[in-house]
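Here's the structure, in structure tokens; my notes come after.
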Amino acid sequence: MKKVIATTNAPGAIGPYSQAIDTGTFVYASGQIPINPADGTIPAGITAQTAQSLSNVKAILTEAGLTMDNVVKTTVFLADMADFAAMNEVYAQAFSAPYPARSAVAVRDLPKGVLVEIEVIALR
């Protein structure tokens, strides 16, 4: 089974992909950049951008009937690894123990010039 998860409470896909796919056991959410779905704006700074990206992730999970507690794996893409500590402070507030497994990598560029993108895998 493969079910598309889509919500207007997170930014729509800007390419040929789904916001998330539900396999019945896992929900695979595409990377979320910090676009405010209400007005299309992108907040300034790594702290606000991390918070918005996580808010977008949460909206997708809510649409799937899940919460952040269902997340088992995250990948965080940063435009600059110097932003790691500030991102991590915001990220830590979004999850509770036991924390999901995580990878965090610096990349050359992110869509729309944002500072962070976060993708998750959640267990149903």
Looking at CG of L54 and CD1 of I118, how far apart are the two atoms once the value is rounded to the nearest 0.5 Å? 4.0 Å

Please answer: with hydrophobic residues joined when any side-chain heavy atoms are less than 4.5 Å apart, are M68 and I33 in the same cluster? no

Beyond-backbone contact of V4 with I21, side-chain heavy atoms, under 4.5 angstrom: yes

Heavy-atom pair with the smallest gap, counting every atom of Y99 and A92: CE2-O, 4.3 Å

Nearest 0.5 angstrom please: I42 CD1 to Q49 CD, how far? 6.5 Å

So, do F77 and E119 sit near enough that their side-chain heavy atoms are less than 4.5 Å apart? yes

Report the distance from atom OG of S55 to atom CG of N9, rounding to the nearest 0.5 Å. 8.5 Å

Are R102 and F95 in a cation-pi contact, defined as NZ or CZ under 6.0 Å from the six-membered ring centre and within 45° of the axis? no

Should V116 and F84 be regarded as members of a common hydrophobic cluster, given that ILVMFWY residues are connected when their side-chain heavy atoms come within less than 4.5 Å of each other, either directly or indirectly? yes

Is there a donor-acceptor pair closer than 3.5 Å between any side-chain N or O of S53 and the backbone N or O of E117? no

V72 side chain reached by F26 side chain, heavy atoms, under 4.5 Å: yes

Taking V71 as the fixed residue, which of L123, L61, V27, L66 is the one that meets the side chain to side chain contact (heavy atoms under 4.5 Å, CB included) rule? L61

For the residue pair D22 and R124, establish whether any side-chain heavy-atom pair is separated by less than 4.5 Å. yes

With a 3.5 Å distance limit and no angle check, can you tell me whether Q19 reaches the backbone of A10 through a side-chain donor-acceptor pair? yes

I want to check something: taking the side chain as every heavy atom from C-beta on, are S18 and I5 in contact at a cut-off of under 4.5 Å? no

In terms of hydrophobic clusters joined by side-chain contacts under 4.5 Å, are Y28 and V57 together? no

Hydrophobic cluster membership, with links at side-chain heavy-atom distances under 4.5 Å among I/L/V/M/F/W/Y: are V114 and V105 in one? yes

Just wondering, do L78 and I46 contact through their side chains at under 4.5 Å, heavy atoms? yes

Which pair of heavy atoms, one from Q52 and one from P37, lies closest together, and at what distance? NE2-CD, 3.7 Å

Do L110 and L115 have side chains that get closer than 4.5 Å, going by heavy atoms? no

Is the side chain of N56 donor-acceptor paired with the backbone N or O of P11 at a distance under 3.5 Å, no angle test? no

Which atom pair, heavy atoms only, marks the closest approach of M1 to G24? CE-CA, 3.6 Å

Please name the pair of heavy atoms, one in A106 and one in M81, separated by the smallest distance, quoted to 0.1 Å. N-CE, 3.5 Å

For residues V120 and V107: do they belong to one hydrophobic cluster (side chain heavy atoms under 4.5 Å, members Ile, Leu, Val, Met, Phe, Trp, Tyr)? no

